[in-house]
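When reading the values below, keep in mind they use all heavy atoms of this one structure, side chains included, and skip hydrogens, waters and symmetry mates. Along the sequence shown, the residues carry numbers beginning at 1.
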Amino acid sequence: MTTRGTDRPYADELIDLGLTRDADNIPTLVRALKSEQVQVRIAAVRALGWLRKPTVAALLLPMLNDQEPAVRRWTASSLALCGQMASASMLRASMADESSPVVRASIARALGWLGDQGSVDDLSRWALHDSCGQVRGASLQALIRLNTPLDLAFLLTACDDPDSAVRIQALRGLAHGSGKEIESTLDACVLDPDPHIRVFAIRALVAIGAARAREHCLLALQDSNPGVRCAGLIGIRDGAFKLDGAILLPCLQDSHPEVRQQARLTKSAAEFSRVETERS
């Protein structure tokens with residue numbers, strides 16, 4: 001489906017309407033919610049969210065019952081953008097009958113984005129007991145966003161969860177703690193087969209000032225994954241770790257452009273720190 005006089009997809013034009021943040025476009029977007037085409041309904045839902053108008057929430061809520069999971073998923077995200085706290089109770093209620101893991105995870109994240117403290121009990125239950133790792137991870141992410149005090153034993157156990165989404169969020173939670181038990185867990189996580197886990201473990205080690213943070217950052221520079229190498233370079237900067245400039249030479253010549261960029265930034269930060277130390 002396209003609009004007259006153009007071959008641009010109608011869904012793309014709806015997205016443009018949302019990006020204008022102009023409330024005058026609401027009637028057009030609401031009509032598009034009734035389209036038979038899934039991509040058009042998704043575009044309309046997303047565009048309404050981008051308007052960031054609290055009054056739009058009431059128009060979006062019925063779309064939580066759309067027959068297509070993708071529409072329901074984007075509806076939850078758009079409701080979060082509207083910032084209407086009253087939507088939280090409807091989002092929680094929709095979880096009872098929702099079967100799609102992707103939609104359930106989107107709802108959990110939306111509750112965190114809304115900042116709804118009334119969702120803490122539900123999010124805690126889903127983080128602990130939901131059968132889907134994606135939902136457990138999204139619920140834990142929402143709890144962290146809500147600054148909910150999290151049980152250390154739970155976070156440490158979550159670091160062994162079979163789903164990487166849960167392990168990543170557990171590492172984010174541990175980044176706010178301290179202690180030998182946390183450090184030993186993070187030391188193990190930097191060896192995880194999943195490079196995303198290794199990245200978040202390095203971030204957490206630096207954030208808590210772990211004894212072996214510098215060592216792990218330096219080891220990360222030799223990792224096979226460019227994202228992990230970047231995490232090591234960023235960790236060196238954030239931790240203000242002293243290092244021999246020669247260590248950076250391989251990274252400055254790395255095959256990946258982002259690694260080279262981070263290496264240059266780390267080299268500049270180290271040189272600036274050295275000059276400041278000499279001046280003092």
Side-chain angles (χ1 to χ4, degrees), residues 108-109 112-113 115 117 120 123-124 127-128 133 136-244 247-248 251 258-259 261-263 265-270 272-274 276-277:
R109 282 191 293 270
W113 290 333
Q117 294 296 329
V120 167
L123 289 167
S124 298
L128 283 167
R136 295 196 303 275
S139 300
L140 184 50
Q141 179 184 16
L143 288 170
I144 292 171
R145 183 177 290 275
L146 291 170
N147 293 316
T148 306
L150 297 170
D151 182 69
L152 177 58
F154 166 65
L155 290 175
L156 293 173
T157 301
C159 285
D160 292 323
D161 195 280
D163 195 291
S164 61
V166 181
R167 300 202 300 278
I168 285 173
Q169 297 308 323
L171 290 169
R172 290 184 63 223
L174 291 179
H176 300 286
S178 62
K180 292 183 178 180
E181 196 171 9
I182 290 178
E183 290 192 28
S184 63
T185 298
L186 296 177
D187 285 340
C189 287
V190 293
L191 303 176
D192 195 282
D194 188 327
H196 295 94
I197 302 300
R198 300 200 294 275
V199 166
F200 278 89
I202 290 168
R203 291 179 183 176
L205 283 162
V206 174
I208 69 173
R212 298 184 62 193
R214 178 181 181 277
E215 176 186 346
H216 285 304
C217 286
L218 294 177
L219 288 173
L221 303 186
Q222 304 171 36
D223 197 276
S224 61
N225 183 275
V228 179
R229 298 199 294 278
C230 286
L233 290 163
I234 294 170
I236 289 171
R237 294 203 304 273
D238 291 347
F241 300 134
K242 293 182 179 180
L243 74 162
D244 184 339
I247 294 175
L248 291 177
C251 294
E258 181 61 23
V259 177
Q261 172 68 10
Q262 292 300 332
L265 291 172
T266 301
K267 183 174 182 288
S268 297
F272 177 80
S273 178
R274 177 178 56 79
E276 289 297 299
T277 300

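Among the candidates Asp238, Thr266, Leu265, the single residue satisfying the side-chain contact (heavy atoms from CB on, under 4.5 Å) test with Leu233 is Thr266.
For the pair Ile197 and Cys189, the tightest heavy-atom approach, listed with the atom from each and the gap, is CG2-O, 3.9 Å. Taking all atoms of both residues into account, the shortest heavy-atom contact from Leu155 to Gly173 is CD1-C, 4.0 Å. What you find for Leu171 and Cys159 is that their closest heavy atoms are CD2-SG, 4.1 Å. When all heavy atoms are compared, the tightest approach of Phe241 to Cys217 is CE1-SG, 4.0 Å. Val228 and Pro195 make their closest contact through CG2-O, 3.6 Å (heavy atoms, listed as atom of the first residue, atom of the second, distance). When every heavy atom of Gly227 is checked against every heavy atom of Val199, the shortest pair comes out as O-CG2, 3.7 Å.
Contact check for Arg212 versus Glu183: no side-chain heavy atoms found under the 4.5 Å cut-off. Taking the side chain as every heavy atom from C-beta outward, Leu150 and Leu140 approach each other to under 4.5 Å. Side-chain contact between Thr148 and Leu123 is absent, with no heavy-atom pair separated by less than 4.5 Å. Between Val206 and Ile234, the closest side-chain pair of non-hydrogen atoms is not below 4.5 Å. In this structure the side chain of Asp160 never reaches within 4.5 angstrom of the side chain of Thr185, judged on heavy atoms. By the 4.5 Å heavy-atom criterion applied to side chains, Leu174 and Leu156 are counted as neighbours.
In this structure, Gln117 contributes its side chain and Leu146 its backbone to a donor-acceptor pair below 3.5 Å. The backbone N or O of Gln262 sits less than 3.5 Å from a side-chain atom of Arg237, completing a donor-acceptor pair. Between the side chain of Arg214 and the main chain of Lys242, a donor-acceptor pair closer than 3.5 Å is present.
How far CZ of Arg229 is from CD of Glu258: 11.0 Å, rounded to the nearest 0.5 Å. Asp161 CG to Arg136 CZ: the interatomic distance, rounded to the nearest 0.5 Å, is 4.0 Å. The NE2 atom of His216 lies 5.5 Å from the CG atom of Leu205; values are rounded to the nearest 0.5 Å. Rounding to the nearest 0.5 Å places CG of Asp187 at 12.0 Å from CD1 of Ile182.
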Subject >> Criterion side chain to side chain donor-acceptor pair (under 3.5 Å) on His196 and Asn225, from CA distance to verdict >> reply: CA-CA 9 Å; His196 295 94; Asn225 183 275; over 6 Å; no
Original post:
Checking salt bridge (Lys or Arg N to Asp or Glu O under 4.0 Å) for the pair Asp223/Arg198: CA distance, chi angles, key distance, verdict?
Top reply: CA-CA 10 Å; Asp223 197 276; Arg198 300 200 294 275; 3.0 Å; yes
**OP:** Would you please test Leu221 and Val259 for side-chain contact (heavy atoms from CB on, under 4.5 Å) and show each step?
**Re:** CA-CA 9 Å; Leu221 303 186; Val259 177; over 6 Å; no
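One finds a salt bridge joining Asp192 and Arg167 here, because a Lys/Arg side-chain nitrogen approaches an Asp/Glu carboxylate oxygen to under 4.0 Å.
Around atom CD of Glu215, more than 12 heavy atoms belonging to other residues, nucleotides or ligands sit under 6.0 Å away.
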